[in-house]
Amino acid sequence: PGDALYGVKTMTEEIRTVLAVSDEAKVSLGLKLAAEKIEEIKRILKERGVEAKGLDKVLARLEKNVARVAEAIENKKEKGGDVSGLAKEASEKLDVEKEKLNETLRAQRENLKDKIKNIREEIKKAREAGDATKIDSLAKELEAVKAEKNLLKAKEDEAKEKVKDGEEKIEAEVEIKEAAAKAIAE
């Protein structure tokens, strides 16, 4: 997002999705695109911060790709196919990507905490120096960073919620297979 050619990129993704014929290909592509969206989110947060324009678009595309993975698995199941291996693979790959996203969000949170700590130290020094103008300036900066931290928390919750539905559908397929294997073993 923010790039003049982003619309072309999303259109290309849509075309690739339409051209993926088999359910396995749709799962594979959906996982690949979800991983790309997570990389985009990481890049946006690192380069432009949580308030960056386009972050919401990428979160929505992430949700869409995870939903496509779940839909392809459900589609294969409705056709009578065994989806346990496919669902397990999808679940494992999504777990890896989610961990990457969580690590990025943790790093961003730590960065904001460090900024808050540094600003507070600067405020303390400004108070000791009796510099009221600097104190006011730093207080505004502190409030802005706190607001950014709160926004990051909201975006983090939103990101988790966006992948939750698709992930739950995939996990359900894995659990069905594991329950069946356990019943057979008993």
Side-chain angles (χ1 to χ4, degrees), residues 1-14 16-17 29-70 90-171:
D3 186 350
L5 297 176
Y6 190 73
V8 173
K9 180 180 179 180
T10 57
M11 186 185 318
T12 302
E13 289 173 2
E14 292 298 321
R16 288 170 59 197
T17 301
L29 180 60
L31 290 169
K32 184 177 190 298
L33 293 174
E36 288 176 11
K37 297 305 134 207
I38 289 172
E39 288 302 315
E40 284 181 41
I41 291 167
K42 287 169 59 175
R43 193 171 39 257
I44 289 170
L45 288 173
K46 185 176 181 178
E47 294 173 4
R48 296 184 270 160
V50 71
E51 296 178 5
K53 182 179 178 185
L55 185 57
D56 290 333
K57 287 181 184 178
V58 179
L59 286 169
R61 303 236 4 121
L62 171 62
E63 175 184 29
K64 189 174 190 177
N65 286 303
V66 172
R68 284 179 174 156
V69 169
S91 177
E92 289 171 356
K93 286 183 178 181
L94 277 175
D95 284 345
V96 169
E97 295 306 322
K98 272 184 19 186
E99 185 53 38
K100 288 179 186 177
L101 179 59
N102 288 336
E103 183 55 39
T104 298
L105 293 168
R106 275 192 293 273
Q108 191 73 14
R109 264 195 320 270
E110 289 303 314
N111 182 36
L112 292 172
K113 284 180 186 178
D114 288 344
K115 280 184 179 180
I116 290 169
K117 181 181 173 186
N118 292 338
I119 294 169
R120 285 181 174 153
E121 288 173 5
E122 287 184 49
I123 289 172
K124 184 178 177 182
K125 289 176 186 175
R127 282 189 180 133
E128 289 170 358
D131 189 345
T133 305
K134 188 165 186 171
I135 293 170
D136 288 343
S137 172
L138 289 169
K140 289 176 185 172
E141 185 179 345
L142 180 62
E143 290 307 311
V145 174
K146 284 180 177 180
E148 187 175 354
K149 185 178 171 197
N150 290 337
L151 182 58
L152 177 64
K153 175 67 175 139
K155 294 293 181 186
E156 184 175 357
D157 292 345
E158 181 182 352
K160 287 177 182 177
E161 191 63 35
K162 286 191 180 290
V163 297
K164 185 179 178 182
D165 289 341
E167 187 179 38
E168 285 175 350
K169 290 176 185 175
I170 294 166
E171 289 290 330

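If you read the sequence from its start, that first residue is 1, and numbering goes on from there. Being a predicted model, the structure only gives us computed values, none of them experimental.
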Tell me the closest heavy-atom pair linking [X] and [Y], and the distance in Å.
| X | Y | answer |
| --- | --- | --- |
| N65 | K37 | ND2-CG, 3.9 Å |
| G166 | V66 | CA-CG1, 3.9 Å |
| R48 | K53 | NH1-O, 3.5 Å |
| I135 | A126 | CG1-CB, 3.6 Å |
| A70 | K169 | CB-CB, 4.0 Å |
| I170 | A90 | CG2-CB, 4.1 Å |

Original post:
side-chain contact (heavy atoms from CB on, under 4.5 Å) between L45 and V50: does it pass, once the steps are laid out?
Top reply: CA-CA 5 Å; L45 288 173; V50 71; 4.1 Å; yes
Original post:
Under the side chain to side chain contact (heavy atoms under 4.5 Å, CB included) test, which residues partner E161, sequence neighbours left out?
Top reply: K164
Original post:
Counting heavy atoms not belonging to K125, are there more than 12 under 6.0 Å from its NZ?
Top reply: no
Original post:
Would you find a donor on one side and an acceptor on the other, under 3.5 Å apart, between the side chain of S137 and the backbone of T133?
Top reply: no
**OP:** Check for a donor-acceptor pair, side chain of N111 on one end and backbone N or O of A107 on the other, with a separation under 3.5 Å.
**Re:** no
Subject >> salt bridge (Lys or Arg N to Asp or Glu O under 4.0 Å) between K160 and E156, intermediate numbers included >> reply: CA-CA 6 Å; K160 287 177 182 177; E156 184 175 357; 3.6 Å; yes
Original post:
Can you find a heavy atom in the side chain of V58 that is under 4.5 Å from one in the side chain of L62?
Top reply: no
Please determine whether a side-chain nitrogen of the Lys or Arg among [X] and [Y] lies less than 4.0 Å from a carboxylate oxygen of the Asp or Glu.
| X | Y | value |
| --- | --- | --- |
| E97 | K32 | no |
| E39 | K42 | yes |
| E143 | K140 | no |
| E14 | R61 | yes |

Which value, rounded to the nearest 0.5 Å, describes the distance between [X] atom [atom1] and [Y] atom [atom2]?
| X | Y | atom1 | atom2 | result |
| --- | --- | --- | --- | --- |
| Q108 | E110 | CD | CD | 11.0 Å |
| L138 | R120 | CG | CZ | 12.5 Å |
| E158 | L151 | CD | CG | 9.0 Å |
| R106 | L101 | CZ | CG | 9.5 Å |
| K153 | L112 | NZ | CG | 13.5 Å |
| K64 | L59 | NZ | CG | 14.5 Å |

Subject >> Intermediate values then yes/no, side-chain contact (heavy atoms from CB on, under 4.5 Å), R16 and L33 >> reply: CA-CA 10 Å; R16 288 170 59 197; L33 293 174; 3.9 Å; yes
**OP:** Among K100, E92, K98, K93, find the residue that satisfies the side-chain contact (heavy atoms from CB on, under 4.5 Å) test when tested with V96.
**Re:** K100
Original post:
Under the salt bridge (Lys or Arg N to Asp or Glu O under 4.0 Å) criterion, do K9 and E40 qualify, and how do the steps go?
Top reply: CA-CA 12 Å; K9 180 180 179 180; E40 284 181 41; 2.6 Å; yes
**OP:** Before giving the answer on side-chain contact (heavy atoms from CB on, under 4.5 Å), spell out for K155 and I41 the whole-Å C-alpha distance, their side-chain angles and the decisive distance to 0.1 Å.
**Re:** CA-CA 11 Å; K155 294 293 181 186; I41 291 167; over 6 Å; no
Original post:
Should V163 and L94 be marked as a side-chain contact (heavy atoms from CB on, under 4.5 Å) after you check the CA-CA gap, both sets of side-chain angles, and the distance that decides it?
Top reply: CA-CA 9 Å; V163 297; L94 277 175; over 6 Å; no
**OP:** Consider only side-chain N and O atoms of T17 and R68, and report whether a donor and an acceptor are under 3.5 Å apart.
**Re:** yes
